Amino acid sequence: MNERATWLRTHTCGELTLADEGREVVLNGWIENHRDHGQIVFLDLRDRYGVTQVFADQDTAAADDGLFDTLSKLGSEDVLSIRGVVRSRGADKVNKDRSTGEIEVVAHSVTVLSEAETPPFEIVDQAEANEELRMRYRYLDLRRRPLVEAMVKRSRFVTAVRTFLQDHGFLDIETPILTKSTPEGARDYLVPSRVHPGKFFALPQSPQIFKQLCMVAGLDRYYQIARCFRDEDLRADRQPEFTQIDLEMSFVEENDVLDLVEGLVVHSMKEGFGIEIPRPFPRFDFDDAIARYGSDKPDLRFGMELIDCTELAKKSDFKVFSAAVETGGIVKGLLAEGAADKFSRKQIDKLTEFVKGYGAKGLAWGKVTDKGVEGAISKFYGGDAGAELIARMGAKPGDLMLFGADSSKVVHRALGELRVQLGEQLGLRDPNEFRCCWVLNFPMFEFNDDKGIWQYAHNPFSAPVDWNVGDFGVDTENIRSRAYDFVMNGWELGSGSVRIHKPELQARVFDFLGISEQEQRENFGFVLDAYQYGGPPHGGIAIGVDRMVTLALARESIRDVIAFPKTATAYDLMAEAPGGVSPEQMAELQILSTAKVEEDGE
RNA sequence: GGGGGCGUAGCUCAAUUGGUUAGAGUACCGGACUGUCGAUCCGGUGGUUGCGGGUUCGAGUCCCGUCGCCCUCGCCA
């Protein structure tokens, strides 16, 4: 053997136990901590698998003259190979926080594999440095155990997904990353073509069209752990590139897809994170979800459903209520049980500001006492009216009632968000609980107020619920599509539908949306053509991996489960991407930039 | 594009109404120490207060602009 063999590890830093006592081992890893007591030294050696304590004193150093000198020079994050013997620490010295806490490795020799500069921040489990710095040095942040855990479990999760889908007859099929821009949907990331001057590829917002063409091809069951790209502004749960479990199945209806996905979710959450999820997932009609939770992604970990008080409000002396009803609006209430003394006037003002952020003009409220309603609306709800309201709300003394009065859209939006906010503030959302559900029968079309036109609400390939729907222009807002969302703990994790597989129907949808035949040809010509040659009935879904892993690990942001994330301005602080390109590169692509940039075109 | 928060030592933070030489913890460097595991003890280095301008006798602090990060509304079929 060559030199390598002398330092090559025999074990990782996470696997030695009392069972290995007396064994000669070689460990490789980074110095996490260094405790020098003069005649005796402790090192914590870290790798992906764990941390093992290394021990050295005068006696052990006898085997290697340089050992003590070397150890005294060592600093944080130096990379070492340690050769030594596993020894029991003794009962009084066990470190219970580590799997290797019962043993230590008595060092006989050490090889410095790499010396490290002092890192710009301390690599400890509880991050102290700010995220900006940690993103710039992501390779250091990734040494921290919470990040390692995220990477390990994410990998396990994705593997479980693949195993499940392979076992259910799905084929892992790659679709193009360089594809075609379409005017609909999110903004595309574009890639200029050198060979076709003036033409551009787009990065896929999802493999939607290609997976449907896989169905036309007869591949029957497709899946892909697919990277998707959307050039829109970021959020804690949104990155410009993200990962989806994308799948599509032929000769199926809703139940087939939903059943399969439930199995997939239960299996992979268990395998990846050890999380048990009860089946079946409850199913909500879109309208019911909105009516009961004010949201199309209800968090089912707590109740506090919206209570309709419109009938009561109609006859109220309270102008805010009666006026809302008279102008075609609604009045709904939220009941925060036992919360009356948890919210001061000031705190309720804050809730009012909160709902104003979602378009509400205000927030009516009352506290329930033995004597009736107290607070802002008490003037209008004394006596019988108050008793009636309390009965309608199902309230009891000590409860806080909150009301929204406005158009249906505003009330549901504001109270839906308020419900989640209250659930958080009152501690009703158990972070260890995972409640999934389906939301079905979404509106097919949405009216765009700005543009004054109807647009599709989900995606243009979703089939209408009524297969024989004649004229989309009649009662348009009540046409439902065979689309479904997969929701977990108030997060939309997946979205899919049964697709249109008949070209005439697809053409009618495009016609109704005002997409001319010419535009249809230009953007979707090959898709429309494909369906002329026999497309099977099919449907599918795409599930957000980043969001699902974030939820499972109870992290704040999807950045916490992505190895190399970008900032809120879609910038990679580590790679410094995007960056400039040379004039030669631009010239080759026959591209000029109109951007006013002072920095040199490096 | 709009709103909000933050920016002071390598890192995390402090600094009274605008007032002396901008401090602490940690990291780092040096020393001591034979059972630590956030080791401990002693000593030390370390600052363009994000950047640019303005007001003032005097600015970390006030004003204007700008840059960066985070949250959020719009946006995200």
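Since the structure is predicted, the reported quantities are computational estimates derived from the model, not experimental observations. Values below: all heavy atoms of this structure, side chains included; hydrogens, waters and symmetry mates excluded. Chain naming here is simple, since letters A, B, ... match the order of the sequence lines and numbering starts at 1 in each.
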Just name whichever nucleotide pairs with B:C69, Watson-Crick or G-U, keeping both distances under 3.5 Å, else none.
B:G5
Would you indicate, yes or no, if B:C70 has its OP1 or OP2 atom less than 4.0 angstrom from a side-chain nitrogen or oxygen of A:S557?
no
When you measure only distances, ignoring hydrogens and angles, does the side chain of A:E104 come within 3.5 Å of the base of B:G35 through a donor and an acceptor?
yes
Would you say a side-chain N or O of A:Y571 is under 4.0 Å from OP1 or OP2 of B:G68?
no
Touch class at under 4.0 angstrom, heavy-atom based, for A:L234 against every strand present
nothing
Over all strands shown, is A:R134 touching base, sugar-phosphate only, or nothing at heavy-atom distances under 4.0 angstrom?
nothing
Scan A:R187 against the nucleic acid and name what it touches under 4.0 Å (heavy atoms): base, sugar-phosphate only, or nothing.
nothing
Using both distances under 3.5 Å as the test, list the Watson-Crick or G-U wobble partner of B:A32, or none.
B:U40
Would you say the side chains of A:S81 and A:R83 form a donor-acceptor pair under 3.5 Å?
no
Looking at B:U55, which nucleotide sits across from it as a Watson-Crick or G-U wobble partner, both distances under 3.5 angstrom, or is there none?
none
Interatomic distance, A:R235 CZ vs B:C70 P [rounded to whole Å]:
13 Å
Given B:C11, B:G35, B:C75, the nucleotide with the shortest approach to the side chain of A:F55:
B:G35
Whole-angstrom distance between B:G53 and B:G47, as gauged at atom C1':
22 Å
For A:Q455, I'd like to know if atom CD has over 12 heavy atoms of other residues, nucleotides or ligands within 6.0 Å.
yes
Say we look at B:U61 and B:U17: how far apart would their P atoms be, to the nearest angstrom?
15 Å
A:S76 side chain near B:C28 phosphate (N/O to OP1/OP2, under 4.0 Å)
yes
Report the distance from atom CD of A:Q205 to atom C1' of B:C76, rounded to the nearest whole Å.
9 Å
Using whole Å, report how far CD of A:E446 lies from C1' of B:C75.
13 Å
Distance check, P atoms only: B:G23 and B:G46, in whole angstrom units.
13 Å
Distance-only donor-acceptor check, side chains A:Y222 and A:D246, under 3.5 Å:
yes
Determine the contact category for A:E131: base if any of its heavy atoms lies under 4.0 Å from a base atom, sugar-phosphate if only primed atoms, P, OP1 or OP2 are that close, otherwise nothing.
sugar-phosphate
Kindly say if A:R238 contacts the phosphate of B:C75, meaning a side-chain N or O under 4.0 Å from OP1 or OP2.
no
Interatomic distance, A:Y137 OH vs B:A27 P [rounded to whole Å]:
19 Å
Are A:N130 and B:C70 close enough that a side-chain N or O sits under 4.0 Å from OP1 or OP2?
no
Whole angstrom is fine here: how far is it from CD in A:E122 over to C1' in B:G25?
10 Å
Can you find an N or O donor on one side and an acceptor on the other, under 3.5 Å apart, linking the side chain of A:R87 with the base of B:G35?
yes
Figure out the CD/P separation between A:Q244 and B:C76, and round it to whole Å.
16 Å
What class does the angle between the rings of A:Y293 and A:F284 fall in, given that below 30° is parallel, 30 to 60° is tilted and above 60° is perpendicular?
perpendicular
Write down the partner of B:C13 under the Watson-Crick or G-U wobble criteria, each distance required to be under 3.5 Å.
B:G23
Of A:D92 and A:Y456, whose nearest nucleotide on RNA chain B comes first from the 5' end?
A:D92
Reckon A:Q39 touches a base, only the sugar-phosphate, or nothing at all at heavy-atom distances under 4.0 Å?
base
Aromatic ring of A:F121 stacked on base six-ring of B:C11, 5.5 Å, 30°:
no
What is the distance, rounded to the nearest whole Å, between atom NZ of A:K566 and atom C1' of B:C70?
18 Å
Check the distance between B:C13's P and A:Q126's CD and give it to me in whole angstrom.
13 Å
Would you say A:T118 places a side-chain N or O within less than 4.0 Å of OP1 or OP2 belonging to B:C28?
no
